[in-house]
Amino acid sequence: TCPAEALPRARAGRAVVRPARESTSAQASPPAMATYTVAQIAASLVVLSVVFAVAAFIRSKVGIFRDLFLPVSVIGGFLTLLVGPQIMGELTGGRSLVSTEVAAIWSTFPSLLINVIFAALMLGKALPSIRGLWVASSGHVMLGYGLSFGQYAFGSLLAITVLVPILGMAPESAALLEVAFTGGHGTAAGLSGTFEELGVGYMTDLALGLATVGLVAGIIVGSLLVRWAIASPRFSSTCSLISTCRPRRRSSSIQACAPL
């Protein structure tokens, strides 16, 4: 039991701790979003159009980019990274072809334009019944949930053992793996507000970077696997069998194939 005179001191101690926590949370609150004029936004869109045009020209001239099916957006992103404030600006003391203001305006686009993407997903399509929807998507749903939960589990294990205790990252880093790879750029952009509310807004950039790594790695590895499958005798016989296949009944909605 505590002495009677110790209780006021203990209560006072607890009262001192609470304001400190409140001030810490207040310091971690996200800053107000900057405002830009119409002219500034229009200028940033012009620069973005030029970047896409240059990236498309580079893709048309570099055969390896076409062979790997690298999108123009990925090429333009790496090009902007090189000539922007992140690399060129750091090397030249703040002078870069893409200004810091333009880069800041671009950073606000993903969280806004992702709403346009999600809103337009089902435009012009007839909504199926619940049964038809489940029959068509059940396999994909099970695979997606399995991958998501597995990446959450692996990310949590990585955060417990390496990211938080060794690298000093926030516990929210456990979700980066699932957000970036299963979710992708759209999910990372859509969760930017959530990251800001949690006081870890920088994780939006980490998630977008990881999503880009996953996209490029998937394209390169996938292209190599397809080329290996085409060149492999084991798969070439299957491909030749499919290529010498003709429909039996053209009038039928379900066409059966038989080798010639």
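Note that this is a predicted model, so its numbers are computed, not measured.
Between the CD atom in Q40 and the CD atom in E101 there is a gap of 4.0 Å [rounded to 0.5 Å]. A distance of 12.0 Å separates CD1 of I230 from CH2 of W228, quoted to the nearest 0.5 Å. Put simply, OG1 on T80 and CG on L97 are 10.0 Å apart, with the number rounded to the nearest 0.5 Å. Rounding to the nearest 0.5 Å gives a distance of 9.0 Å between CG of L176 and OG1 of T204. Atom CD1 of I75 and atom CZ of F57 lie 12.5 Å apart (nearest 0.5 Å). Rounded to the nearest 0.5 angstrom, I87 CD1 and L81 CG are separated by 4.0 Å.
One hydrophobic cluster, built from ILVMFWY side chains closer than 4.5 Å, holds both L206 and L198. A single hydrophobic cluster is seen to contain both L79 and V62, as judged by linkage of ILVMFWY side chains at heavy-atom distances under 4.5 Å, directly or through other members. Hydrophobic clustering (ILVMFWY, side-chain heavy atoms < 4.5 Å, transitive): V72 and I64 are in distinct clusters. Residues L68 and I58 share a single hydrophobic cluster, defined by chaining ILVMFWY side chains whose heavy atoms lie under 4.5 Å apart. Using a 4.5 Å cut-off between side-chain heavy atoms of Ile, Leu, Val, Met, Phe, Trp and Tyr, with links allowed through other members, F69 and L215 fall into the same hydrophobic cluster.
At distances below 3.5 Å, at least one donor-acceptor pair connects side-chain atoms of S129 with backbone N or O atoms of G132. Judged by distance alone, with hydrogens and angles left aside, the side-chain atoms of S148 form no donor-acceptor pair with the main-chain N or O of Y145 at under 3.5 Å.
Side-chain contact check for S73 versus F52: some heavy-atom pair is nearer than 4.5 Å. Within the 4.5 Å cutoff, side-chain heavy atoms of V102 are placed close to those of W106. When side chains are defined from C-beta on, V200 does not count as touching S173, because their heavy atoms never get closer than 4.5 Å.
Under a cut-off of 6.0 angstrom, the local environment of CZ in F154 is sparse, with at most 12 non-hydrogen atoms contributed by other residues, nucleotides or ligands. Residue-environment remark: CG (L91) exceeds the threshold of 12 foreign heavy atoms within 6.0 Å. Annotation: Y202, atom OH; neighbour count of heavy atoms from other residues, nucleotides and ligands within 6.0 Å is above 12. Other residues, nucleotides and ligands contribute at most 12 non-hydrogen atoms within 6.0 Å of the CZ atom of R227. The environment of CD1 in I130 is sparse: at most 12 heavy-atom neighbours from other residues, nucleotides or ligands sit within 6.0 Å.
Annotation for G155 and L177: closest pair N-CD2, 4.1 Å, computed over non-hydrogen atoms. Taking every heavy atom of both residues into account, G184 and A211 meet most closely at C-CB, 3.9 Å. Residues A159 and P165 share a closest heavy-atom pair of O-CD, 3.3 Å. Taking every heavy atom of both residues into account, E90 and Q86 meet most closely at CG-O, 3.1 Å. Annotation for S96 and G89: closest pair CB-N, 3.9 Å, computed over non-hydrogen atoms. When every heavy atom of F181 is checked against every heavy atom of G214, the shortest pair comes out as CE2-CA, 3.6 Å.
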Steps toward side chain to side chain contact (heavy atoms under 4.5 Å, CB included) verdict (D205, F195): CA-CA 10 Å; D205 296 330; F195 286 139; over 6 Å; no
Working for side chain to side chain contact (heavy atoms under 4.5 Å, CB included), residues F78 and V74: CA-CA 6 Å; F78 280 108; V74 173; 3.6 Å; yes
Worked verdict on S44 versus F109 for side chain to side chain contact (heavy atoms under 4.5 Å, CB included): CA-CA 11 Å; S44 68; F109 288 166; 3.9 Å; yes
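The side-chain contact (heavy atoms from CB on, under 4.5 Å) test with H185 is passed by exactly one of L208, I114, L210: L208.
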